[in-house]
Amino acid sequence: MDVESNHSSPVLADPASINSSRLGIYSNLLPYSPPGGSLSSSKYSRKKPGKLDEVCSSGWLDAMKSSSPPRKKLFKDGSDTAYSSWMFKHPSALNSFEEIANFAKNKKIAMFLDYDGTLSPIVDDPDNAFMSDDMRSIVKNVAKYFPTAIISGRSRDKVYQLVGLTELYYAGSHGMDILGPVGKASMSNDHPNYSESTTDQQGKEVNLFQPAREFIPMIDEVFRTLVENTKGIEGAKVENHKFCASVHFRNVDEEDILDKYPRLRRTHGRKVLEVRPMIDWNKGKAVEFLLESLGLSNRDDVLSIYIGDDLSDEDAFKVLREGNRGYGILVSSRPKETSAVYSLKDPIEVMKFLNSLVTWKKVEEGGCILNNRRTI
Ligand SMILES: O=P(O)(O)OC[C@H]1O[C@H](O[C@H]2O[C@H](CO)[C@@H](O)[C@H](O)[C@H]2O)[C@H](O)[C@@H](O)[C@@H]1O
């Protein structure tokens, strides 16, 4: 990692108790205008009752409705033509590599990576979502050259356990649990009680920022309730991510829970429903927070790249696009409405892209050394 300050490893066992201006990429450099329509205005589609509704025909599950992620409704046409025209709007980051490299020339790249569906392939059992050793080794290399952070919906401990690299920064629970550099981010002033200095497992000083800390007991309670209420539903799986709880099962209606906890809200992912605190915080804010902590905010010489596959990653894509801070890259093999600029089909393409970036950086640095020698 070549960030100049506050560079320390973020690995920390979770304590029990316990946030611009343009940065060198001008809008006329973007390959096209943002797509029309916004995700927030899209309506969720309702699926017809299925097998699981029949299984769970009592209690709060009586009201079971299915909630598909909104994108499906936006692009019903899965034809090659639809995909080609989508790819025209969101070109492959691999095919556009030269363009990206040109924008990145003489700039510091800050890399932000989602985990599930980006570094690891989507699998049926969330406990079996492993990244390959090849991917791990490439991410390790990326972190040697660029400050790199993983921003996941999973708990921070869990995503660290899955990635296992001390060279990175980690933000869990959709950015609500950040173990980052000690640099002060002004965004934390809005959450004065939720930021603390601590040390990581290597004894380095780090900053733990948890803007939804007060919600831990509430999420615990909700988790237990969800576990209880999904008992006996084959295939249902509930996860406690500390600052949010996930139910891996489309047909669970959480209205009862949301009525009881008005400060919690429901969000959607890939075949997962999530309950999380109703605070103004998301993966986009986490990106801003980390950039500021790293001393990379308000700089014309920084290019941020965020790679992700899910709806929650859209907040980060928007922050980069709207602030002209860099590029979002959506991982998807089918058309989806997105604020990302580029696209990649799957984690294999993500791996190729990351590898190309490292190779390019090595050549660029080699060029600089050669140039310096020539000057000397
Ligand atoms: O922000 P992320 O790192 O992408 O995490 C988002 C969710 O990822 C996990 O679920 C997703 O991946 C699972 C494993 O491939 C898959 O079974 C599931 O259908 C996907 O939604 C994780 O289990 C969730 O809790 C995260 O919110």
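Predicted model only: the values in this text are computed from it and were never measured.
- In N128, the CG atom is crowded: over 12 heavy atoms of neighbouring residues, nucleotides or ligands sit closer than 6.0 Å.
- Proximity of N282 to H174: side-chain heavy atoms (C-beta onward) are nowhere separated by under 4.5 Å.
- Shortest non-hydrogen contact noted between I151 and Y306 is O-OH, 3.8 Å.
- A 4.5 Å side-chain heavy-atom check between I150 and Y160 finds every atom pair outside the cut-off.
- Put simply, the side chain of R154 gets close to the backbone of P126: a donor and an acceptor are under 3.5 Å apart.
- Annotation: salt bridge (charged side-chain N to carboxylate O under 4.0 Å, His left out) contacts of E349 (sequence neighbours excluded): none.
- Evaluation of the side chain to side chain donor-acceptor pair (under 3.5 Å) rule for D127 yields K237 as partners, not counting sequence neighbours.
- Tested against Y145 for a side chain to side chain contact (heavy atoms under 4.5 Å, CB included), the candidates K108, M111, K362 yield a single pass: K362.
- Side-chain N or O atoms of Y115 include one that pairs as donor or acceptor with a backbone N or O of A129 at under 3.5 Å.
- Between atom CZ of residue F146 and atom CD1 of residue I109 there is a gap of 4.0 Å, rounded to the nearest 0.5 Å.
- In terms of the side chain to side chain donor-acceptor pair (under 3.5 Å) criterion, residue partners of D220 (sequence neighbours excluded) are, by chain and number, N240.
- The shortest heavy-atom contact between G308 and T118 is CA-OG1, 3.4 Å.
- Ring centroids of W281 and Y194 are separated by 6.0 Å or more, keeping the two rings apart.
- Checked by atom type and distance alone, the side chain of W86 never pairs as donor or acceptor with a backbone atom of R334 at under 3.5 Å.
- Residues passing the salt bridge (charged side-chain N to carboxylate O under 4.0 Å, His left out) test with D114 are K283, sequence neighbours excluded.
- Scanning all heavy atoms of the two residues, the minimum distance from A93 to I329 falls at CB-CD1, 3.8 Å.
- When the side-chain contact (heavy atoms from CB on, under 4.5 Å) test is applied to V319, the partners found at least two apart in sequence or on another chain are E288, R325.
- In this structure the side chain of V163 reaches within 4.5 angstrom of the side chain of M131, judged on heavy atoms.
- In this structure, the separation between CG on D346 and CD1 on I122 is 11.5 Å, given to the nearest 0.5 Å.
- Annotation: the span from F243 atom CZ to I216 atom CD1 amounts to 4.0 Å, rounded to 0.5 Å.
- Contacts of D280 classified as side chain to side chain donor-acceptor pair (under 3.5 Å), with partners at least two apart in sequence or in another chain: K285.
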**Prompt:** Hey, mind stepping through F130 and L162 against side-chain contact (heavy atoms from CB on, under 4.5 Å) and telling me if it holds?
**Reply:** CA-CA 6 Å; F130 303 115; L162 289 164; 3.8 Å; yes
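- Here the side chains of V142 and K361 are not in contact, with every heavy-atom distance at 4.5 Å or above.
- In this structure, S85 has no side-chain contact (heavy atoms from CB on, under 4.5 Å) partners at least two apart in sequence or on a different chain.
- To the nearest 0.5 Å, atom CD1 of residue I307 and atom OG of residue S343 are 11.5 Å apart.
- Note that CZ of R156 and CD of Q210 are 6.5 Å apart. Values are rounded to the nearest 0.5 Å.
- T267 has its side chain out of reach of S312: every pair of non-hydrogen atoms, C-beta onward, lies at least 4.5 Å apart.
- Using a 4.0 Å cut-off between a side-chain N of Lys or Arg and a carboxylate O of Asp or Glu, E221 and R224 do not qualify as a salt bridge.
- The salt bridge (charged side-chain N to carboxylate O under 4.0 Å, His left out) check on R136 picks up D133, with sequence neighbours excluded.
- Checking side-chain atoms of E205 against main-chain N and O of S197 turns up no donor-acceptor pair under 3.5 Å.
- Here the closest heavy-atom approach between residue R321 and residue S339 is recorded as NE-O, 2.8 Å.
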**Message:** Before you tell me yes or no, could you show the steps for V123 and D116 under side-chain contact (heavy atoms from CB on, under 4.5 Å), namely the whole-Å CA-CA distance, both residues' side-chain angles and the distance that decides it to 0.1 Å?
**Reply:** CA-CA 9 Å; V123 292; D116 289 279; over 6 Å; no
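- Not a single donor-acceptor pair under 3.5 Å links the side chain of S173 to the backbone N or O of M176.
- Once rounded to the nearest 0.5 Å, the distance linking CD1 of I138 with CG of L357 reads 11.5 Å.
- The salt bridge (charged side-chain N to carboxylate O under 4.0 Å, His left out) test applied to K140 returns E167, not counting sequence neighbours.
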**Prompt:** Going through the distances and angles, do K144 and N141 end up as a side-chain hydrogen bond (donor to acceptor under 3.5 Å, both in side chains)?
**Reply:** CA-CA 5 Å; K144 266 187 208 154; N141 262 337; 3.2 Å; yes
**Message:** Using side-chain contact (heavy atoms from CB on, under 4.5 Å), reason through L165 and T148 one step at a time and then give a plain yes or no.
**Reply:** CA-CA 11 Å; L165 294 171; T148 303; over 6 Å; no
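- Between A110 and L296, the shortest heavy-atom contact is CB-CD1, 4.1 Å.
- Among residues two or more places apart in sequence or in another chain, the side-chain contact (heavy atoms from CB on, under 4.5 Å) test is passed with S96 by P91, E99, Y342.
- For S246, the side chain to side chain donor-acceptor pair (under 3.5 Å) test picks out H241, E274, with sequence neighbours left out.
- With a 4.5 Å cut-off on side-chain heavy atoms, I178 and L290 count as touching.
- Between the side chains of S195 and N207, at least one donor N or O lies within less than 3.5 Å of an accepting N or O.
- Closest of all the heavy-atom pairs between V287 and L320 is CG1-CD2, 4.1 Å.
- Residues satisfying the side-chain contact (heavy atoms from CB on, under 4.5 Å) test with M218, not counting sequence neighbours, are F215, Y261, L264.
- In this structure, D313 and L330 have side chains that are not in contact, with every pair of non-hydrogen atoms separated by 4.5 Å or more.
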**Request:** Would you please test M135 and V350 for side-chain contact (heavy atoms from CB on, under 4.5 Å) and show each step?
**Result:** CA-CA 9 Å; M135 179 69 98; V350 172; 4.2 Å; yes
